[in-house]
Participant: 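My questions will all concern the structure given below.
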Amino acid sequence: MRKGKSAGGVTYGFDIVRNFNPDGQVSTGERVITEDEAAVVCRVYDDYANGICLRAIAGNLKAEGIAGPRFAGWGASTIYGNWCWGTRLLNNKLYVGRLVWNR
C-alpha cells in the first residue's frame with residue numbers, strides 16, 4: 001500500500017497486472033486503468049452530479065447492455081454501495097485517488 005499498489009481485490013475500472021520481476025517472482029498489486037470501464041465510472045459520476053437518480057443511471061446502463069462490476073447487473077446499490085465501507089462506485093475512495101486499506 002505504501003508503494004501505491006493494490007492490497008485487495010479487483011476494482012471496476014482497473015485490472016490487476018501480474019508481471020515477473022527480474023528474480024522470477026510474480027509482481028503483485030500493480031493496477032492499470034481499463035479504459036472502457038473507466039469511461040463508465042466517469043459517466044456515473046457525471047450523471048449523479050447532474051441530479052440523475054441512481055435507479056435511472058442503473059437502468060440506462062442496463063438498457064445499453066453495459067456489463068457491471070464482476071459482470072453482475074446494475075442496480076442502485078451497485079452504484080452507491082456502502083459509505084461506511086467505501087464500496088462500489090460512488091463511495092470508493094480509489095476513484096478520487098485515495099488508497100484505503102485495513103478499514
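The model shown is predicted, which means the values in this text are computed figures rather than measured ones.
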Participant: Run the side-chain donor-acceptor check on residues 52-62: report pairs under 3.5 Å with partners two or more places apart or on a different chain.
Facilitator:
residue, atom, partner, partner atom, Å
Asn60, ND2, Ala56, O, 3.2
Lys62, NZ, Trp74, O, 3.1

Participant: Taking all non-hydrogen atoms of both residues, which atom of Thr78 and which atom of Pro69 are closest, and how far apart?
Facilitator: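 That closest heavy-atom pairing would be CG2-CD, 3.7 Å.
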
Participant: Group every Ile, Leu, Val, Met, Phe, Trp and Tyr by side-chain heavy-atom contacts under 4.5 Å, then state whether Val17 and Phe20 land in the same group.
Facilitator: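 In one cluster: no.
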
Participant: Please say yes or no: joined through hydrophobic side-chain contacts below 4.5 Å, possibly via intermediate residues, are Ile33 and Leu89 part of one cluster?
Facilitator: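 Yes; Leu89 is reachable from Ile33 via cluster members.
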
Participant: Step by step, would you call Ile16 with Glu30 a side-chain contact (heavy atoms from CB on, under 4.5 Å)?
Facilitator: CA-CA 6 Å; Ile16 299 297; Glu30 303 289 336; over 6 Å; no

Participant: Which pairs, with at least one residue in residues 32-46 and sequence neighbours excluded, count as a side chain to side chain donor-acceptor pair (under 3.5 Å)?
Facilitator: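 For residues 32-46, and leaving out neighbouring residues, the side chain to side chain donor-acceptor pair (under 3.5 Å) pairs sorted by first residue read Asp15-Thr34, Arg43-Glu64.
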
